[in-house]
Amino acid sequence: MPKPPALRRLAPARWAQTPLKRLGRGRRQGAPARKWRERPGRDAWREFAASFARSGLLPAPGPSSGEAAPAARSLAAVEATEGAAVLLLPHGQTHCALTIEAVTYEAAEKSKKELRISARAVLRAHRVPRDARIKLLKSVAPLCSLVLMEGLDTSVTRFILNHPEFSHIFRMKRQKSPCFAPEDAALAATGIGKRDPESGLLLSESSVLATEELIQACCEEDDGCPVILVCGPKSIGKSTFNRYLINLLLNNLPCVEYMECDLGQTEFTPPGCVSLINVSEPCLGPPFTHQRMPHKMVYYGEASCDQDTERYIDTVKYVFNSYKKEVPLIINTMGWVKGVGLLLLTDIIRLLAPSHIVQISVEDFKDMPHFTPEYVNLAAGLHTKGRLQGKCKSMDVSGMEDWKQYEGESDLYTSTPGHKLLCVQPEFPGAGNAGEARVHSGILRDVAILGYLGQLQPLETRSVLPLHSLIPYQVPFNSVALRVIHTDVVPTHIMYSVNASWVGLCRILDEVRCQTDGPILLTQTPVCDCLGFGIIRGVDMERKLYHILTPVPPENLRLVNCLLLGNIAIPDCVFTNQQGTEGEIPYVTSEYNYDILGAGKLKMKKHLKRREHSRS
């Protein structure tokens, strides 16, 4: 096998965004750009509103619909403009699935006339029609709240809804016994409909007690900023708990830090990342609605770390080192808590030394012991040993001044200061049963990637443009280093694996320069900053250029000098929904034989313990 090029000094990448004359795939050389059917975003929401009538949530229009039945506890809501509504929320009234509750506020008491004047000014500012204003003002009372509800009509949602596989995301399911009220039609225009109380956010008593204690600890700050680690098996409600806790903390604090250690179900980034992000706005939707750039992110390149746990540990350490301990930190962990996953979680707890551990599990879950301070200090991890297991396996903790072992015992075990363990038992149906999840994890990952790619859509147009019609950046081979993370590829075949792939746009500290035209191949996977993501939509072998689509701003692209290709795939719908393609679609096949030797994914034998863990 040819020896890959040595790592040399590399100049900063030269990113030039110019039109392509020769496309890498899905289009004949010299062929004109394909046209894409225009579908304004409002049409998608009109279709969504119409689905309420089809599902039984609203009476169908027409003479036969009859008069609306009164609601048991009606809402005061009116339509403001197309796709928007204003809701009058009385004090103490709560609504799910997203929980919105009107709370008290400190303000000087106003007369009823002053309240009406203030409310009228707010409604006029948001162009609420006169008849609608009069209707709402009749219900204005002290301590009420005016909530403006708008349909989520952005380039991201339009791009996602344009793919038939995901056009059902916002559709309502058929209801058995709807109870109509006049306000339902106004709210339906913004994507809000009635649901059973059981389908909302169900908090157990232990969840409420845990959040109250955590909020008190974060607001007092007597012993520094709390570091809160949330752990538990799959489909147990970790992400929901984190969002709920973040939103409650933002009622009292200007911001919180959030560290994502779950590679498969990331909250603010595409999958396959470990990241640290400052959160200053409430999380009011699923992850694809609030994708944002963290201030520290590493692209691990896999949805699971079972094939390379040591690099995962190094990645977590690298990201955690950016935490400045100025605000509380919430750490999300993977749902892999059995076998090797349990040992790895023990390592993570020791290394991050949280002040609070929120352990979420159902009552009869026996595979996960209680992570008390005593258990964490005594139990064996995957890369660390407990107090009674002898000398700890050496780990590189250079640069991590705060991760130190107890004095006098550093040669025996890795320890962590005492933490407060909060045990939470969820009570929602199907808790802990991954088979009963509403949406498969793979679909959530695809939607997150589509949400990220939706940022490529031009802001000046409301029509959805196909990715193959957008202008990519041209990057010379010798301007960026390249590394395939998840598998070994023969250097002569490296461009076959790179073309039409999802890549992390990264920055390595060592600048290297290639004397030839490239490509520059790294022999090891670096743990480095990731500045964003892109698609290598074509490779020009004659001119030695990568053609890359990415929403990363140009000022950040100048820092990119490394491309990491992992095991995170572009959603199939990006390829299959290309209109105008004749014959077979490039890079897509429906005939694949998994019986061929080596065709499947290599699996790690998780039930086998390492030698040091098999001894008593």
Side-chain donor or acceptor of [X] paired with backbone N/O of [Y] under 3.5 Å:
| X | Y | value |
| --- | --- | --- |
| N242 | N332 | no |
| H419 | F371 | yes |
| D347 | H383 | yes |
| S206 | Q425 | yes |
| Q359 | P369 | yes |
| S280 | C255 | no |
| N247 | C283 | yes |

Provide the closest heavy-atom pair for [X] versus [Y] in the form atom of the first, atom of the second, distance.
| X | Y | value |
| --- | --- | --- |
| N567 | H486 | N-ND1, 3.5 Å |
| K238 | C231 | CD-C, 3.6 Å |
| V498 | I536 | CG1-CD1, 3.0 Å |
| A379 | T346 | O-CG2, 4.4 Å |
| C562 | P526 | SG-CG, 4.4 Å |
| L531 | V552 | O-CG2, 3.7 Å |

**Asked** With sequence neighbours excluded, what pairs up with L250 under the side chain to side chain contact (heavy atoms under 4.5 Å, CB included) test?
**Response** I246, V279, P282
**Prompt:** Who pairs with V156 by side chain to side chain contact (heavy atoms under 4.5 Å, CB included), at least two apart in sequence or on another chain?
**Reply:** T154, I160, Q455
Is there side-chain contact between [X] and [Y], with heavy atoms separated by less than 4.5 Å?
| X | Y | result |
| --- | --- | --- |
| R243 | E267 | yes |
| C305 | L344 | yes |
| P373 | K420 | no |
| L245 | I228 | yes |
| V358 | L229 | no |

**Message:** Can you tell me how the ring of Y323 sits relative to the ring of F320, calling it parallel under 30°, perpendicular over 60° and tilted otherwise?
**Reply:** tilted
**Request:** Taking the six-membered ring for Trp and the full ring for Phe, Tyr or His, determine whether the centres of Y496 and H493 are under 6.0 Å apart.
**Result:** yes
**Message:** With a 4.0 Å cut-off on N to O distance, would you call R311 and D314 a salt bridge?
**Reply:** no
**Asked** Who passes salt bridge (charged side-chain N to carboxylate O under 4.0 Å, His left out) against R507, sequence neighbours left out?
**Response** none
**Prompt:** Among all residues two or more places apart in sequence or in another chain, which pass the salt bridge (charged side-chain N to carboxylate O under 4.0 Å, His left out) test with K324?
**Reply:** none
**Request:** Determine which pairs satisfy salt bridge (Lys or Arg N to Asp or Glu O under 4.0 Å) with at least one residue from residues 274-293, sequence neighbours left out, and list them in order.
**Result:** none
**Prompt:** With sequence neighbours left out, which residue pairs that include part of residues 485-500 fulfil the salt bridge (Lys or Arg N to Asp or Glu O under 4.0 Å) condition?
**Reply:** none
Please enumerate all residues that pass ring-ring contact (aromatic ring centres under 6.0 Å, His included) together with [X], with sequence neighbours excluded.
| X | value |
| --- | --- |
| F365 | none |
| F241 | none |
| F533 | Y299, Y452, W502 |

**Request:** For residues 524-536, pull every pair meeting side-chain hydrogen bond (donor to acceptor under 3.5 Å, both in side chains), keeping only residues two or more places apart or in separate chains.
**Result:** K296-D529, Y318-D529, R483-T525
**Request:** Would you check if there is a donor-acceptor pair between the side chains of Y258 and E260 at a distance under 3.5 Å?
**Result:** yes
Give the table of side-chain donor-acceptor pairs shorter than 3.5 Å for residues 268-278, with sequence neighbours excluded, one pair per line with atom names and distance.
| residue | atom | partner | partner atom | Å |
| --- | --- | --- | --- | --- |
| N278 | ND2 | E257 | OE2 | 3.1 |

**By side chain to side chain donor-acceptor pair (under 3.5 Å) - contacts of R445 (at least two apart)** = none
